[in-house]
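Notes follow the structure.
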Amino acid sequence: MVRESLLPLFEVLLPLSGAMGILIFGERWRNLREATTIAASILTFLGALMMLEPVMEGINLRSEIFVALPGISFLLKVDMMGMVFLLLTSSLWVVISIYSIGHMRSLCEHAQTRFYLCFAMAIFGAVGVALSGNLLSLFVFYEILTVSTFPLVAHHEDEEAILAGRKYLAYLLGGASLAFFAILYGWESFGRMEFAPSGFIPLGSPKGVLLVLLLAFILGFGSKAALMPLHEWLPSAMVAPTPVSALLHAVAVVKAGVFTCLRVLLFVFGPEVLSSMGVSLGFGIFVAFTVIVANLLALREDHLKRRLAFSTINNLSVILLGGFLLSESGIRGAVLHIPFHGLMKITLFMCAGTIYVQTGKEYVSELDGIGHRMPLTMGAFALCALGLCGIPPICGFLSKWFLCLGALEVKQWVFLMVFLLSSFLDAAYFLPIVYRAFFCPGKDLGGIREAPPIMALPLVATAIGSVLLGIFPNLLFHFWDLAQGVAMLVMGGGM
Amino acid sequence: MFQQLLSHYNYWFYALMLVLGLYGMISKGNLVKKLVAMNIFQWAIIFFFLSIGAKRGGDIPILPEHGHMEVTARASEFVNPLPHVLMLTAIVVGVATTGIALALILRIYRRWGSLEEDEIIGRLKENG
Amino acid sequence: MGEQLPALIVATPLLFSFAIYLAGLWRRRLCYPLFLTSLALSAIFSLWLFFRVMIFGPISYPIGGWEPPWGIEYRVDHLSALIIASVATVALLVGLSFRGRVEGETEPSRWSQIYALFSLQLCGLLGMTVTGDVFNLYVLLEIASFSAYAIIAMGERGAEFFAFRYLIFGTIGACCYLLGVGHLYILTGSLNMADLSRLLPPLYPSRALLVGFALLVLGIGIKMAAFPLHTWLPDAYTEAPSSASAFLAPLSTKVASYVFLRILTGIFSPHFSLTSLGDAMGWVALAGAIFASLMALAQQRLRRVLCYLIVSEISFLLMGVASRTADGLRGAVLHLVNDMFMMGCLFTGACAILHQLGREELVALKGLCRKMPLTSAALLLGGLSIIGTPPLCGFFSKWYLVLGAIEARMWHIVIGLLVGSLLNTIVIFRILEKVYLGAGHQHGRLYWDGLPKGMVMGLVIFSLSLILLGVFASEIVAKAIDPWIPL
């Protein structure tokens, strides 16, 4: 069911007006600027919650803003899939904006106004991606997200940061132009733009066209999801301040990439067309390659944030692989993994950032014994690391459970093995960190103290959140029901 | 064949002038020579237009008695006036072009003390 | 008065250009107000004409009451109305912004001349757009060119020399055009565009006609700086006074491109012209887009970079035409309009930078955003629009250009458009990186960037117009471009 409503429009405008407020207050009224950030983030979050109820009842809220091109309107629409991403983005924005105030102020970073402005613009893009109702508006927000993240990646303005920024732009804009081509080619071939559950591409379309489209879409949008071999920008982008890394990894950027890929797979192509093409196994193996290799690469990284980056690359491909399984549980697991991984990964990044702020340490090998000095931070780190390995009762277990079930449903034993192996490798590079922090005797730990509350609070909150969501997956956000709804909708099982 | 070539001698003439002008504009290094070549180029086109209006034995296109429209004038007896009128404008345009070009040349000479293209480019490069 | 509009938009700037010069002899301070009045009146008349054509359809205006095809006809259809409105608006915006600049970089004794020439330039440009007569077009083309030569020659550092080169090049172009007109006249005996388009089809097999067509295209190709005939443009527009490049760069090549479209579709049948140009045009435009972007990467001065971007944008437009589809043509026209505003925005930004810093080397732009946040924002928006970032206007024209190429299954053009845009991205971010990330000297922020009020207004309106053109892209396409599409 569809209902015309202005709510999606307001929801998108909230971060944008937040950005305007930040620009107006600027460095001169920095407290007001920070207050604007937090207010905008909380309002965005509340807006998302307001839309949750109708969406849960199966009503899609829709607002057509204007006709962008003859025959194509600029359309915002909230459905269950978008809701998952929206809830993730908006809730974590609250957390990360509180955290980033602490982080930026403790380090006395320069150009903070630009930082908050671009941050809000990136969230604006991400919220827009979540709420887009057709490929055109999706692409518009996707590009806004890309461009507004560039100054964040290059924030330090030294050579390394600028190089990382250039790399980021090269990969993402290159990918975007491929996706642009795919959107136009799709529009030219099928004359449709608006997402539909189970896809809008008619069954029995010429195979060659479909294959070109799928390749262009997956490679184009996959560049943002750090699909190998297009992943290089992500580890390089780790030069950015930690809140940015958290934003890139957990909240907005890469998640937008993987969300967009899933959107295209499930709401443009649809399981039927994909299975009729008979390429899902091939694409699955392509993605599975990333899953394993990213984890192997993570094993040899000593830089903590880069190790986390490779872990992100791994998890994104896990989500994508779930989509390619084309089974109900697989999709359910993939959709669930988007918010769950986001929650856990943001905790890990905030921990890494806190360690850096408090001790200046960036490498895993330096972390001996730090757990005794910063019990809260490292406790949260340990908890979420375990969650990413898939240990119950932390939420990572649930999504991985469904992903494995999905592989079983379609009898793809290879992919089951891939999921299990990936979890095993997760453990292999996460547990040593925890071990070093708590069980290795440290040296020179004299001046190290636990993080101040403004930084400790968010990361403890997200860590507890990931446990709670593991036990009560329907808590507040209804992720469980939403994921189930998406899976059923896409597989044509009802609603 | 030969007859046909000969009968269109006006076209040959203008084509020759055109190529001559183009050659001058490209190959000559002196700005005044370039300008002269440009004038030749322009005049080639003016001659071309003038020649297409002309007719062997054609009269000036003025009807002797005004108002007697029933007296049908045979077009073949008169020279076509339109190309000539057009060329009046084109000549004005050409004169204006030459005027501007001369003014520019004057200023170039005052600034660089030379009218040779190579020298001026060399100086420009020196000055960065 | 509504019926007289086609003549008024040409006569107003023409008469004002004399008035400005004469007034300047008496009181120098009168020049600028008169000039602005001339621009404002032209803009008002043009917008009026635009809406009139949108509502009542094309207008035909016989000059002096001589009926076409004997007399000169001014003809305004949807396409020309759109171009007229954009040209006059962009001219007004540039004119609004560059007062301080003109008076900063030229001697007071030249003010009356330069303003009169700008007005004359506008007269030529608008005239080229309204006229329906091929010979009249030649005269107006030359009027526009003369004023351009003279304005460019007022620049510093050897501008006269580059103006002279431009003059030689431009005259070759104009003469080629005139020769082409001669061919058409011999074959048909008519100079009226509508009449020609009726008389020509039976003659299409004629070789003389093909030569005429080639000459017309070649002549206009020089004027529109289509690759590889663009060599005059970067030198001339970079050495010109910055106010002059802000006025000329967005407009003159674009109006010439409009004339190009007019020749292709209004005089000849689109089928004939597009098949005669053939695939070669697509390949040449492709090479041009890549070449111009690479050249832009090698430049060190802001305006030179922008000049090569013009060449690359013209190549995009030609690629749209080369795709031979309705969507490709839509894209070409939309790109024409958008590009005027984008280039206006960027060149006015360059003007502002020169006004404030006195130099335009890219190195000097380091940390500009701290000192001139407003100008930097205009550069940002203009640049992003050129790249084709949604929702700015450049995105929508690229949408049609690529769509047209896909419809025609011309994959080389699709790739050319995408790769060209990516190269332009590098060009633009090379500038933006310096402006926003270059840790330059920490200058304090200036009040309104330290610019004259008019320039601030111009920059703001230009930046906003890039967003508005994006939002109203569908309106423009549906109301103004679609009725014209000849395919």
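We name chains A, B, ... by the order of the sequence lines, and we start the count at 1 in each one.
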- Are more than 12 heavy atoms from other residues, nucleotides or ligands located less than 6.0 Å from atom CD of A/E160? no

- Does CD belonging to A/E4 count more than 12 external heavy atoms closer than 6.0 Å? yes

Pick one of side chain, backbone, both or neither for [X], based on which atoms fall under 4.5 Å of a heavy atom in chain C.
X: A/I72; value: side chain
X: A/F74; value: neither
X: A/V67; value: both
X: A/F180; value: side chain

Less than 4.5 Å to any heavy atom of chain A: does that hold for the side chain of [X], its backbone, both, or neither?
X: C/S421; result: neither
X: C/E433; result: side chain
X: C/L403; result: both
X: C/L384; result: side chain

[Y] side chain reached by [X] side chain, heavy atoms, under 4.5 Å:
X: A/F181; Y: C/L417; answer: no
X: C/F472; Y: A/F66; answer: no
X: A/I183; Y: C/W399; answer: yes

- Message: Looking at chain A, which one of C/T389, C/V471, C/V477 has the largest number of heavy-atom pairs inside 4.5 Å, strictly under?
- Response: C/V471

- Has the side chain of A/S177 got a donor or acceptor atom that lies under 3.5 Å from a matching backbone atom of C/L418? no

- Query: Do A/R166 side-chain atoms and C/R430 backbone N/O form a donor-acceptor pair below 3.5 Å?
  - Reply: no

- Separation between CG (A/L169) and OG1 (C/T425), nearest 0.5 Å, reads 8.5 Å

- Taking all non-hydrogen atoms of both residues, which atom of C/Y436 and which atom of A/R114 are closest, and how far apart? O-NH1, 3.2 Å

- Check C/I406 against A/E188 and note the closest heavy-atom contact, atom names and distance. CG2-OE1, 3.9 Å

- Salt-bridge contact C/R370-A/E157 (side-chain N to carboxylate O under 4.0 Å): yes

- Item | Ring centres under 6.0 angstrom apart (C/W411, A/Y185) | yes

